[in-house]
Amino acid sequence: MNSKNKITLFATIAAFLTFSILAMASLSINQASAQMADCQTTLSLASFPGTGTVGTSGFLHVNLLGELKCGDSGINGATVIISGIDEGTRDVITNEFGKYSLQVRLGPGEYELQAYFAGDETHISASATMNIPVTESPLWYL
């Protein structure tokens, strides 16, 4: 085999390998996009109790809870960021069913809480908001 044929063979093999790599990369991207399109990511946020009254220096103990789902399936091990509480933001991790909970103490005031999931390689981002009013009740002495 002469050198011109060797160069042609080498170029053909290089082109074939490059095409194969690009085709596989495109397939992987399309599969990831298809997975993201297969389900709608949803996030819920609720509280128990949903409102309350406390004394002048008191706190309402609230359990925040929710669920992160892809279609009908819970998303395990995802980080959900809760904001709007006095302490700033808090991170919680979903369990194997996509559920999470967080206990917080809220003083008197109006709270707009938000749960946020940033998304990952197979799920799009999602968020949920809710309001919790905590009223202050003055102590009246007779």
Side-chain angles (χ1 to χ4, degrees), residues 1 4-142:
M1 185 180 273
K4 186 175 181 180
N5 287 344
K6 288 181 183 179
I7 292 173
T8 303
L9 179 62
F10 176 76
T12 303
I13 292 172
F16 177 76
L17 290 175
T18 302
F19 176 76
S20 297
I21 291 169
L22 290 175
M24 288 176 19
S26 175
L27 181 60
S28 295
I29 291 169
N30 289 339
Q31 285 176 342
S33 297
Q35 284 179 340
M36 291 180 90
D38 282 347
C39 66
Q40 177 66 35
T41 305
T42 58
L43 180 63
S44 65
L45 174 63
S47 70
F48 182 78
T51 185
T53 302
V54 296
T56 308
S57 60
F59 291 95
L60 181 66
H61 295 271
V62 176
N63 188 30
L64 302 175
L65 46 107
E67 185 174 22
L68 179 63
K69 294 172 64 175
C70 180
D72 292 333
S73 301
I75 300 173
N76 180 29
T79 300
V80 175
I81 301 168
I82 308 292
S83 63
I85 50 182
D86 285 339
E87 299 90 21
T89 63
R90 302 266 300 271
D91 293 355
V92 293
I93 306 297
T94 59
N95 67 14
E96 64 271 16
F97 305 108
K99 298 183 183 292
Y100 68 89
S101 68
L102 175 68
Q103 294 181 352
V104 297
R105 294 176 0 148
L106 303 176
E110 180 76 25
Y111 296 86
E112 183 177 357
L113 302 176
Q114 180 180 34
Y116 177 72
F117 169 64
D120 58 24
E121 56 276 348
T122 56
H123 304 100
I124 61 172
S125 63
S127 65
T129 59
M130 70 171 301
N131 291 316
I132 300 178
V134 179
T135 57
E136 183 177 346
S137 175
L139 297 175
W140 296 94
Y141 295 99
L142 300 174

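Atoms considered below: every heavy atom in the structure, side chains included; atoms not considered: hydrogens, waters and symmetry mates. In what follows, residues are counted from 1 in the order of the sequence shown.
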Checklist outcome for this item: Closest non-hydrogen contact found for G107 with F59 is N-CD2, 3.6 Å
Checklist entry - Out of curiosity, D72 CG to Q40 CD, how far, rounded to the nearest 0.5 Å? => result 12.0 Å
Checklist entry - CG of D91 to CD1 of I81: how many Å apart, nearest 0.5 Å? => result 5.0 Å
Item to check | Residues forming a side-chain contact (heavy atoms from CB on, under 4.5 Å) with S125, sequence neighbours excluded | outcome: Y116
Item to check | Pairing residues for S83 by the side-chain contact (heavy atoms from CB on, under 4.5 Å) criterion, not counting sequence neighbours | outcome: T89, Q114
Checklist entry - Can you name the closest pair of heavy atoms from G55 and P108 and give their distance? => result O-CG, 4.4 Å
Next on the checklist: Just to verify, what does A78 make a side-chain contact (heavy atoms from CB on, under 4.5 Å) with, not counting sequence neighbours?
Outcome noted: L68, I75, T94, F117
Item to check | Minimal non-hydrogen separation, S127 against L43, with atom names | outcome: CA-CD2, 3.9 Å
Checklist outcome for this item: Rounded to the nearest 0.5 angstrom, the CG-CD distance for L60 and E136 is 13.0 Å
Item to check | Under the side-chain contact (heavy atoms from CB on, under 4.5 Å) test, residues paired with L113 that sit two or more places apart | outcome: L45, L64, I85, Y111, M130, I132
Checklist outcome for this item: To the nearest 0.5 Å, atom SG of C39 lies from atom NZ of K69 at 11.0 Å
Checklist entry - Got a sec, which pairs hit salt bridge (Lys or Arg N to Asp or Glu O under 4.0 Å) with one end in residues 92-103, sequence neighbours left out? => result E67-K99
Checklist outcome for this item: Rounding to 0.5 Å, atoms SG (C70) and CG (N76) come to a distance of 13.0 Å
Item to check | Sequence-distant partners of S101, side-chain hydrogen bond (donor to acceptor under 3.5 Å, both in side chains), two or more places apart | outcome: none
